[in-house]
Amino acid sequence: MSQNKFVSQFTETEAIAVQKLKDALPEVLTEAFGNSDVYTLWGVPLDKDLDDERIKVILVKFLRARNLDVVIAKSMLIAMLKWRKEFSADTILEEEFDTAVFNETVGFLYKTDKEGRPVTYNFYGKLDQHKVFADVNKFIRWRVQLMEKGVHDVDFVKIDSMVQVHDYLGVSIFGRTANAKESINIIIKLLQDNYPEFLSTKLFINVPKWGSMIFKIIRPLLPEATLKKFVICSNDELNTTLESYISRDNLPKVYLS
């Protein structure tokens, strides 16, 4: 039996698909980078001959995102590796951003949930849209860095996913600026394409009544697998909801007052 708890939970179909994708890694790397030299992704060498089960934990994410279709998952993996090279994702943790714009009023990584998964907090109500989204590319790079910080804490042995908290306190019904809409649409697709199956739970907190109504309208349009990861909570349920997922000792100060 596998020593990795995530691999041991694979179905037979998943195990077969993962092995096929692992065997195809030299082809994947060649198509992505022009050669089959081993590339290290999130601290894990993508070497088909390496007996490291973390590789399988990563590969199954792409397969599950594509309904275990090996051919389509392979294409997704290749596209992601190409994007990482073009975007310079491997060095983004070294980049610095203007803290007068990108600070704790926009988002941050803070401790873990009760299962040890890293938690990122994203705020949509109190940020200055004209400053934060003034440069769409700059926001995208900052948001990817935040994602990479979280992934850096995922070891693919004890944990394989993250928790996101989206705080809508103070969000206006009148919506976002054009740059804000563009930035958010880009980042949603970018995270879906390049960080598949990393989301364990997404907590929507301080959601205004009109926001809850909108969610009820779009709920039937969302896949069941996505809905299972979403938790919508109102102001009255804030503390109870947060502390059901995250120990009070691990909550940021903003939620302890």
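Because the structure is a prediction, the values reported are computed rather than measured. Numbering of residues begins at 1 and proceeds along the displayed sequence.
Summarising the local packing, NZ of K138 is surrounded by 12 or fewer heavy atoms from other residues, nucleotides or ligands at distances under 6.0 Å. No more than 12 heavy atoms of other residues, nucleotides or ligands sit less than 6.0 Å from atom NZ of K158. Within a 6.0 Å sphere centred on CD of E12, heavy atoms belonging to other residues, nucleotides or ligands number 12 at most. Around atom NZ of K20, no more than 12 heavy atoms belonging to other residues, nucleotides or ligands sit under 6.0 Å away. When the shell of 6.0 Å around NZ of K5 is examined, it contains more than 12 heavy atoms from other residues, nucleotides or ligands.
Salt bridge present: R248 and E243 bring a charged side-chain N and a carboxylate O closer than 4.0 Å. Ion pair K189/D193 flagged as a salt bridge, since at least one NZ, NE, NH1 or NH2 atom sits closer than 4.0 Å to an Asp/Glu carboxylate oxygen.
No path of Ile, Leu, Val, Met, Phe, Trp and Tyr side chains, each step under 4.5 Å between heavy atoms, connects I72 with V28, placing them in separate hydrophobic clusters. V207 and I205 fall into different hydrophobic clusters, where Ile, Leu, Val, Met, Phe, Trp and Tyr residues are linked whenever their side-chain heavy atoms come under 4.5 Å apart, directly or through other members. Clustering ILVMFWY residues whenever any of their side-chain heavy atoms sit less than 4.5 angstrom apart, transitively, puts W42 in the very cluster that holds L29. Residues V231 and Y124 are members of separate hydrophobic clusters, defined by side-chain heavy-atom contacts under 4.5 angstrom among Ile, Leu, Val, Met, Phe, Trp and Tyr.
Using modelled atom types, no side-chain atom of N67 and backbone atom of D69 make a donor-acceptor pair closer than 3.5 Å.
Geometric assessment of K74 against the ring of F62 yields a negative cation-pi assignment under the 6.0 Å and 45° thresholds. Figure legend: cation-pi geometry between R143 and F102 absent, as NZ or CZ is not positioned both under 6.0 Å from the six-membered ring centre and within 45° of its axis.
Below 30°, between 30° and 60°, or above 60°: for F33 and Y39 the angle between ring planes is between 30° and 60°, a tilted geometry. Taking the six-membered ring where the residue is Trp, Y168 and F204 present parallel rings, their angle staying beneath 30° rather than reaching 60°. Taking the six-membered ring where the residue is Trp, Y110 and Y121 present perpendicular rings, their angle passing 60° and hence far from 30°.
Scanning both residues, Y195 and R84, for their nearest heavy atoms gives OH-NH1, 3.8 Å. Considering every non-hydrogen atom in both K111 and D249, the closest pair reads NZ-O, 3.2 Å.
The distance from atom NZ of K202 to atom CE of M162, rounded to the nearest 0.5 Å, is 11.0 Å.
With 3.5 Å as the limit, one finds no donor-acceptor pair spanning the side chains of N179 and T177.
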Next item on the list: May I have the step-by-step check of salt bridge (Lys or Arg N to Asp or Glu O under 4.0 Å) for E14 and K56, ending in yes or no?
Entry: CA-CA 10 Å; E14 286 177 334; K56 296 180 178 181; over 6 Å; no

Margin query: Between K126 and E104, does the salt bridge (Lys or Arg N to Asp or Glu O under 4.0 Å) criterion hold? Intermediate values first, please.
Written below: CA-CA 10 Å; K126 297 183 179 180; E104 293 192 351; over 6 Å; no

